[in-house]
Enquirer: 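Starting off with a structure, shown below.
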Amino acid sequence: MRNIKYYYLAIIIPLGILVLLINFKLINSTVFTILLFVYALIYRTYTDGKRLLEKGIITKNQIWKLLVPGTRIEYFKELYIK
């Protein structure tokens, strides 16, 4: 995911799908909350780690260290701007 457009699509589309599912009442609020936590904790950690790994900023072993609160802020420029 070196291309920033694909990265933004990869992080926005799943969130949009979650919102559509709750708006069309296909899932209840409990399932929505669980899926939102999965998105925020697992999916975003993986996509952010994958982007940083492909850019050569972190190693494969460091991807899951992004789960620690405040760790992603260190890589803010590399993730969202460059």
Enquirer: Are Leu52 and Leu66 side-chain neighbours, meaning at least one heavy-atom pair lies under 4.5 Å?
Expert: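 Contact flag for Leu52/Leu66 side chains = yes.
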Enquirer: Please name the pair of heavy atoms, one in Gly49 and one in Ile58, separated by the smallest distance, quoted to 0.1 Å.
Expert: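 Nearest heavy atoms, Gly49 then Ile58: O-CD1, 3.8 Å.
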Enquirer: Does the side chain of Tyr7 come within less than 4.5 Å of Leu79's, by heavy atoms?
Expert: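 Touching, per the 4.5 Å side-chain cut-off.
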Enquirer: Keeping to residues at least two apart or across chains, list the ring pair (Phe, Tyr, Trp, His ring centres under 6.0 Å) pairs with something in residues 8-39.
Expert: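 For residues 8-39, and leaving out neighbouring residues, the ring pair (Phe, Tyr, Trp, His ring centres under 6.0 Å) pairs sorted by first residue read Tyr39-Tyr43.
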Enquirer: With the 4.5 Å side-chain cut-off for hydrophobic clustering, are Tyr46 and Val68 part of the same group?
Expert: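 Looking at the clustering, Val68 is in a separate group from Tyr46.
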Enquirer: Measure the OG1-CD1 distance between Thr33 and Ile27 for me, rounded to the nearest 0.5 Å.
Expert: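 Spacing of OG1 (Thr33) from CD1 (Ile27) equals 8.5 Å.
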Enquirer: What's the separation between atom CD1 in Ile42 and atom OG1 in Thr47, rounded to the nearest 0.5 Å?
Expert: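 Nearest 0.5 Å value for the CD1-OG1 distance: 12.0 Å.
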Enquirer: Which residue is it: Lys65, Lys55, Arg72? I am looking for the one with a salt bridge (charged side-chain N to carboxylate O under 4.0 Å, His left out) to Asp48.
Expert: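 Result: among Lys65, Lys55, Arg72, Arg72 is the only option passing the salt bridge (charged side-chain N to carboxylate O under 4.0 Å, His left out) with Asp48.
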Enquirer: Is the shortest side-chain heavy-atom distance between Trp64 and Thr45 below 4.5 Å?
Expert: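 Answer yes - side chains close enough.
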Enquirer: State which residue, out of Leu20, Leu15, Leu21, fulfils the side-chain contact (heavy atoms from CB on, under 4.5 Å) condition with Ile17.
Expert: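 Checked Leu20, Leu15, Leu21 against Ile17; only one passes side-chain contact (heavy atoms from CB on, under 4.5 Å): Leu21.
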Enquirer: Please report the shortest heavy-atom distance between Leu53 and Lys60, naming the atom on each side.
Expert: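 Answer, listing the atom of Leu53 first, then Lys60: CD1-N, 3.5 Å.
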Enquirer: I'd like to check Glu78 versus Arg51 (side-chain heavy atoms, cut-off strictly below 4.5 Å). Are they in contact?
Expert: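 No, too far: nothing below the 4.5 Å cut-off.
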Enquirer: Answer yes or no: is there a side-chain heavy-atom contact under 4.5 Å between Val31 and Ile22?
Expert: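 Not in contact.
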Enquirer: Could you check whether any side-chain heavy atom of Tyr80 comes within less than 4.5 Å of a side-chain heavy atom of Ile4, counting everything from C-beta outward?
Expert: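 Sidechains of Ile4 and Tyr80: no contact.
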Enquirer: Roughly how far, to the nearest 0.5 Å, is the CG atom of Leu36 from the OG atom of Ser29?
Expert: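 Interatomic distance, Ser29 OG to Leu36 CG, rounded to 0.5 Å: 12.0 Å.
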Enquirer: Which residues satisfy the side-chain contact (heavy atoms from CB on, under 4.5 Å) test with Asn23, sequence neighbours excluded?
Expert: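 Listed in chain order: Val19.
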